[in-house]
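Worth saying up front: this structure is predicted, and the values here are computed from it rather than measured.
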Amino acid sequence: MAEIPLNFFVRKVYPLTTSLSALYTTPFNRAAIILAAYATNNTSSDVTVTVGFSGVGGDIGGQQTVETKPYYNYAKDLMIAGNDTTNLVPSKMVLEQFDTFIASCNTPDAIVINIALLETLNNTE
């Protein structure tokens, strides 16, 4: 029988667009802790970034059993200087199953975001 790890680390890298985009959604029966979300400005101009989270809801066994949650800003219009990097999540951010980490910037293809997170089995049921 294959063993399922209780915890494991994940790294995701995404270029940002000018519309709010889902960067990471916590899978079914898991929780996640975002340890860091580094945003790198690859241009010489200042760029603003908005990040937030919401719950997209969940379909378990063919039924909508996890409610959709509203979108909340975590940081709105945060300025990142040209050719600089900043951590958008200076402390930890907890995401429950089906919660989504969302981000955008005001200049297309200017920002690349590198998310480091820890996923864990969600044994709260």
Is [Y] reachable from [X] through a run of hydrophobic residues whose side-chain heavy atoms are each under 4.5 Å from the next?
X     : Y      : answer
Leu95 : Phe98  : no
Leu6  : Val94  : no
Val47 : Ile113 : yes

Can you list, pair by pair, the side-chain donor-acceptor contacts under 3.5 Å of residues 7-14, counting residues two or more places apart and other chains?
{"unit_1": "Asn7", "atom_1": "OD1", "unit_2": "Thr120", "atom_2": "OG1", "d": "2.6"}
{"unit_1": "Tyr14", "atom_1": "OH", "unit_2": "Leu23", "atom_2": "O", "d": "2.4"}

So do the side chains of [X] and [Y] get within less than 4.5 Å of each other, counting heavy atoms only?
X      : Y     : value
Ile111 : Ile80 : yes
Thr50  : Tyr74 : no
Tyr71  : Asn73 : yes

Original post:
Any chance the side chains of Thr100 and Ser54 put a donor and an acceptor closer than 3.5 Å?
Top reply: no

Original post:
Is there a donor in the side chain of Thr85 and an acceptor in the side chain of Thr40, or the other way round, less than 3.5 Å apart?
Top reply: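 Judged by distance alone, the side chains do pair up.
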
Original post:
Hey, what do you get for CD1 (Ile102) to CG (Leu16), rounding to the nearest 0.5 Å?
Top reply: 12.0 Å

Original post:
Could you give the distance from CD (Gln97) to CZ (Arg30), rounded to the nearest 0.5 Å?
Top reply: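 Answer rounded to 0.5 Å: 11.0 Å.
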
Original post:
Restricting to pairs with a member in residues 72-96, which pass salt bridge (Lys or Arg N to Asp or Glu O under 4.0 Å), not counting sequence neighbours?
Top reply: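 Listed by first then second residue: Lys69-Glu96.
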
Original post:
Under the side chain to side chain contact (heavy atoms under 4.5 Å, CB included) criterion, do Leu78 and Leu88 qualify, and how do the steps go?
Top reply: CA-CA 9 Å; Leu78 177 69; Leu88 301 172; 3.5 Å; yes

Subject >> Atom OH of Tyr38 with >12 non-hydrogen neighbours under 6.0 angstrom >> reply: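 For Tyr38, atom OH is not crowded (no more than 12 foreign heavy atoms under 6.0 Å).
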
